[in-house]
Participant: 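Have a look at this one before I ask anything.
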Amino acid sequence: MRSKVIQTASLLALLQHTACAVPTWPAATDELEDLIYLNKGYRSTGLAGAVTPCSKGLTTSRVTAAEWLRTAFHDAISGNIYTGQGGLDGSIAWEIDTLENEGVFADDSVKAWAKYVSDITSLSDVIAAGTYVLTRSCSNISIAVRGGRVDATEAGPLGFVPQPQNAVSIFRNQFARMGLDDQGMVQFVACGHSIGGVHGADHPEITDETIATFDQSPASLDNAIAVEYMSGKTKNPLVVGKSVANKRNSDFKVFDQADDNVTISALASDPTLFANACQSIFQRMIDLVPYDVQLSDPIVPYEAKPYALQLVLLDGGSNIRFTGEIRIRSTQKGVSQVQLAYTDRSGALVQTPISTIAKGTASGFDDSFAFFGFSKDLPADTSISSFTVVVTYSDATQATFDNDGVGFKVQDAVIYQAPQSCLDSSGKLTVVAAVRDVQAAPNLEVKIKVPQASPNPVPSISTTTIPMATQSVVGAYQLYSADVSLSSSTDSLLAFGIYGGDSSDTRKGISGLPSSCTALATQIQSSSSVLSTSVTSVSSSSSVSVSSSLVGVSTSHTSSDSIGPSQSTSISISDTVSNSPSSTQSQSISDITASSTLVSTTPGPTANSAFKGCYYDAANPRALSGKATDNKDMTVEDCAASCSQYQYFGLEYATECYCGNTLDSTSTSRALSDCNMPCGGNSNQSCGGPHRISLYSNSEYSAPVNTNVTGYEYQGCYSEGSVTRALVEKSFSEGDMTVENCASLCSGSPYFGVEYGQECYCGKTLQYGSVLKNAGDCNMLCAGNNKQYCGGLSRLNLYLNTSASIGSPINPQVADFTYQGCYTDSVNERVLYDTWQSGPDMTVQKCAGVCASYTYFGTEYGAECYCGNALGNTTAEVEEPECGMTCAGDVTQKCGSGYRLSVYKKSS
């Protein structure tokens, strides 16, 4: 089952601006790092090549980058902050044939990604990497990629993906599930539709064209979609054309009806604002993951990264050959020499370093790399334990890379012997390993790609473990071997590895293996001598038959449970996939209710909590909205532990646990008999019922506070502005946000506010429409300190610098013009339409200069200036505070607001 609780990670973390720890090799994200950074050249992965250039497509009428972006969105839109389902979890692989994914875009996208999925890289991680490369290919926007996502094992619920026929109220709900307000919704649609278009074959009710592009630059992720829309020149098929009559003009509904074109107007006026909005939105999309999934730090390129490190025991056992490659980041300067300074098995530094030779170069969007290979024979009695990389650059400077202080480790206790291994024409793989005498007998672990049920094109990974049989002794090493029959295809083999005691040699492949195995000599007298003893015939090795559709494993021994040189292990693996439900599959809630005796009494308090009673719980809003988990083995104690940082916790529907610091006003007391479902993990305890929550209070809870910060005064819980954010100067989002962190980030700004647990906003003034709200609306805990409040959904904990001199912005006097008042405006029927200008340095005086030859001028939305000889179209004077937005170039002046025009008229 998919995890049912989500988190939203950083919204604004630009890869190049994120403070990241230097990666330590090896890491679980090493494959992802290759996917992101090795776009061209030596060892390139090919992921970026599918979307580079941005105009590239499977046919001339398709744009793969747009299809990847749409597929990623369709996967992530299932994220629901209220019910806790979905997010970027790879469920799209199970949803390819649904009506919400009409056409071939999702099928082709998932098939393209499937080849990069492995036992350490999930489909959802590949989707995140794919979003990075398509965004980077189509623009200068860079998003941070983290690893660690876990794929869903089933399709998500229907109804989450926006459909063009929806009303704006439905769109609003669908995006609100992701935690996006109207502004975020408009930004998401504009950014998502800045590339590609609509195919007539899939949507004949929208267009008759093979492809009707959203704007005139369908292979560039830019603000043309907004510029063309605001200028009235758009050909966007979701704004004009057949879609209007068929009520499928969804982009118009979102842009116009969500906020009267305020957000789309801002995006049209400022390409940088558009790019920043897209970066933020796409970051939120790929970081929307299940609550219990821990994402890695943002992935940055290694300065030095090893590849294919391999030890091989040589004939006679007196020497070990060490081979591999080192990748050096050469973005800043070229590399002239690379050496490995290494320590032997005892940890002593060997005086003579290992030299390397150049192998090739590679590049990504922003980085270049040089590869160097090496081969060195080492004495087996001293061997190697770790190394550092010494790089001499083309400018003669040197740098040593020590893998975050721990060195690049090399173990020589368990060694895969590639020269003695082979793959014959029948598909039988023989794997030979050398194990130092201090180690236990090893096992061979084989990972096989197993086709999944239609429509999912992504194979699952099945692992089989096989005991290896002993062969001869060579020097200090015991040889072992095992046979694997790849009965379907060698393509089904993902990787194999050898495990012995605490040591392993893993992630091996079959590329380059000979068709027959070569024996390893147990003794060697001279370079010209013949072998006196060779490895025991591989016919006495452990043997297993593996199919690409394996499910279960049964083991039988020929004579005894100990496997010796003359004994073998036979493992039979089923080559058909069972479609029957697993006997270990968790029961549904209805099954639990039907098969269990309902508990008629409520449990007593746990050690640190008190039972408060049975309460009503709506699906929206929840009785407790701080955190939620779902566990088929749920108990009262488990829920109490999960909610230890909250004032209340409650159990519902047998398996669900909710936490919060406030009980929603809609949650009222109900009869105890309503909370009579037995807990999934303890049938003697009651865990609420349908829309009924067994409520507890935490007796050791200490309430978070609205922290006092030196130099600032807490102002209260404020809403966002009615047409813009409350604070518009700067914004940040951090996974460890605290009130103090935000104060530091906003140093120099009169105001700062924390919102949504991890967001920080700074401003020189509070924008119009931001008003004081109930303190209970700001009940989200800070991501970096659970004893502090950091606002809520569209709610700011607002702070004011006590030394700041805050005056209300004014309508200044301007030579030759007189201020007339605050007037309504519309994007489709501008009040002043003869000419206009916008910019980040807008002031009232600048606008007066632009409009010097006109009768009227007006400022709007902080940065826009309009000129005309008459007040045209429908307009009305409104209250002056509605034009309270400060000018972008001078915060002491007013410059209208969203669809509000500060109007001036020539005096003579």
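Side chains included, hydrogens not; waters and symmetry mates left out as well; all remaining heavy atoms used. Keep in mind that this is a model prediction, so the values were computed, not measured.
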Participant: Shorter than 2.5 angstrom, is that how the SG atoms of Cys760 and Cys746 come out?
Facilitator: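 No, because the SG atoms of Cys760 and Cys746 are not under 2.5 Å apart, which misses the disulfide cut-off.
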
Participant: Rounded to the nearest 0.5 Å, what separates atom CD in Gln893 from atom SG in Cys887?
Facilitator: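 Going from the CD atom of Gln893 to the SG atom of Cys887 covers 5.0 Å.
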
Participant: Is Lys247 salt-bridged to Glu205, going by a charged N under 4.0 Å from an acidic O?
Facilitator: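 Salt bridge absent between Lys247 and Glu205.
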
Participant: Please tell me whether Cys717 and Cys778 are bridged, where bridged means their SG atoms are separated by under 2.5 Å.
Facilitator: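 Yes.
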
Participant: Describe, in one word, how the ring planes of His193 and Phe214 are oriented to each other, choosing from parallel (under 30°), tilted (30 to 60°) and perpendicular (over 60°).
Facilitator: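 Aromatic pair His193/Phe214 classed parallel.
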
Participant: Quick test of your reading of the model: are Glu720 and Arg795 salt-bridged, counting only N-O distances below 4.0 Å?
Facilitator: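 No salt bridge links Glu720 with Arg795.
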
Participant: At their closest point, which heavy atom of Asp825 faces which heavy atom of Val831, and how far apart are they?
Facilitator: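 Here Asp825 and Val831 meet closest at OD1-N, 3.0 Å.
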
Participant: In terms of side-chain heavy atoms, does Thr818 have a donor or acceptor partner in Ser907 at a distance below 3.5 Å?
Facilitator: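 Side chains of Thr818 and Ser907: pair found under 3.5 Å.
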
Participant: Would Cys895 and Cys847 count as a disulfide pair, i.e. SG atoms separated by less than 2.5 Å?
Facilitator: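 Answer is no: Cys847 does not pair with Cys895 in a disulfide.
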
Participant: Mind checking the CG-SG spacing from Leu832 to Cys851? Nearest 0.5 Å is all I need.
Facilitator: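 It comes to 7.5 Å.
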
Participant: What do you reckon, are the aromatic ring centroids of Tyr229 and Phe255 less than 6.0 Å apart?
Facilitator: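 For Tyr229 and Phe255, the ring centres are under 6.0 Å apart.
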
Participant: Compute whether any side-chain donor of one residue and acceptor of the other, for Asn166 and Gln174, lie under 3.5 angstrom apart.
Facilitator: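 Short answer, yes.
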
Participant: Flag the pair Arg62 and Glu67 as a salt bridge only when some basic side-chain nitrogen lies within less than 4.0 angstrom of an acidic carboxylate oxygen.
Facilitator: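 Salt bridge between Arg62 and Glu67, a charged N being under 4.0 Å from a carboxylate O: yes.
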
Participant: Please determine, by modelled atom types, if Asn801 and Ser803 share a side-chain donor-acceptor pair under 3.5 angstrom.
Facilitator: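 A pair is found: one side chain offers a donor N or O, the other an acceptor, under 3.5 Å apart.
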
Participant: Under 6.0 Å between the ring centres of His74 and Phe105?
Facilitator: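 Yes - the distance between ring centres of His74 and Phe105 falls below the 6.0 Å cut-off.
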
Participant: Between Asp182 and Arg172, is there a salt bridge with N-O shorter than 4.0 Å?
Facilitator: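 A salt bridge links Arg172 with Asp182.
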
Participant: Is a side-chain donor or acceptor of Ser55 paired with a backbone partner of Ala219 at a separation under 3.5 angstrom?
Facilitator: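 Here the side-chain-to-backbone pair does not exist.
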
Participant: Centroid separation under 6.0 Å, is that true for the rings of Tyr761 and Tyr751?
Facilitator: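 Tyr751 vs Tyr761: aromatic centres not under 6.0 Å.
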
Participant: So, do Phe857 and Phe817 have ring centers that fall under 6.0 Å from each other?
Facilitator: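 They qualify: ring centres under 6.0 Å apart.
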
